[in-house]
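First comes the structure, then the notes that go with it.
Since this is a predicted model, take the numbers as computed values, not measurements. Start at 1 and go down the list; that is how both ligands and their atoms are numbered.
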Amino acid sequence: MFDNSPIGVFDSGMGGLSVWQALRRELPHESLIYLADGKNCPYGDKPAAEVAEHVSHAIEELVRRNAKLIVVACNTATAVAIEDMRKRYPSIPFVGMEPAVKPAALTTRTGTIGILATRAALAGDLFRHTCQKYSEGVQIISSVGEGFVEAVEEGRESDDDTLMRIRRAVGPMLDAGADKIVLGCTHYPFLAQQISEVIGEREVELINPAPAVARRAAWLLEQHHIGAEAGHKPDYSFVTFADDSYLARITDKAMMLAEEE
Ligand code: DGL
């Protein structure tokens, strides 16, 4: 059995393209439809009820466009709304973003790990539970990446202001001896180079959960027998609730990522 319908990928904005890229690599025959809200981004500082409404609207749109599996490529949206979405659409498999506390906690040598995420993601039950589960003997230092999402959305990744914000968020983790820093928001991998500059010579690994999420999506396609047929030529489409110029920017960014391969 096979299903050539697209996988839906959703984020508040452009950040989820870091997951889109991993999905494209892991599943080269699968069509992807990427929905970037764009109109209501960033989600991270909004009340949970408001984020839940935006997520619901977005998922409705992906279902309407026939998504066979949905990747919620946003830690904030996952934390706030994925369980409700699973209940509302029981026949569609969902994959969410989990802060990669587990791989960081299991591999740290210094016993200290850092987690960068949005305020809403850090406040969610998912984060609290994951931390409780893996925190034995491990010091977890979490920090909100203030202004990080906006910097990526506006293409200001290397501004002085962005670098200053990165130093402020990452500095305490480095001072405490963290040797793993989890990128707990899908926008943050687009700041990996700048974060690495701040880390400098120290031996610190940045952990991006996107490849693991793509592997999970691949596994679910297999379990549900809904993978595309062998040799299927994939289609990549992009949708937004913002305007045409935003759509053009997402498409350009995605094409740049595709060329990197
Ligand atoms: N990419 C979203 C995440 O992973 C960003 C959230 C936001 O819009 O603030 O959390």
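The local environment of CG in Asp160 is sparse, with at most 12 non-hydrogen atoms from other residues, nucleotides or ligands closer than 6.0 Å. Heavy-atom contacts from other residues, nucleotides or ligands closer than 6.0 Å to CG of Asp244 number 12 or fewer. Sparse packing is recorded around CD of Glu203, with 12 or fewer heavy atoms of other residues, nucleotides or ligands lying under 6.0 Å away.
Residue-level contacts of ligand 1 at the 4.0 Å heavy-atom threshold are Asp11, Ser12, Cys41, Pro42, Tyr43, Gly44, Cys74, Asn75, Thr76, Thr118, Val149, Cys185, Thr186, His187.
With sequence neighbours excluded, the residues forming a side-chain contact (heavy atoms from CB on, under 4.5 Å) with Thr112 are Thr110, Gln139, Ile141, Ala176, Ala178, listed by chain and number. Qualifying ring-ring contact (aromatic ring centres under 6.0 Å, His included) partners for Tyr89, counting only residues two or more places apart in sequence or in other chains: none. Residues satisfying the ring-ring contact (aromatic ring centres under 6.0 Å, His included) test with His57, not counting sequence neighbours, are Phe241.
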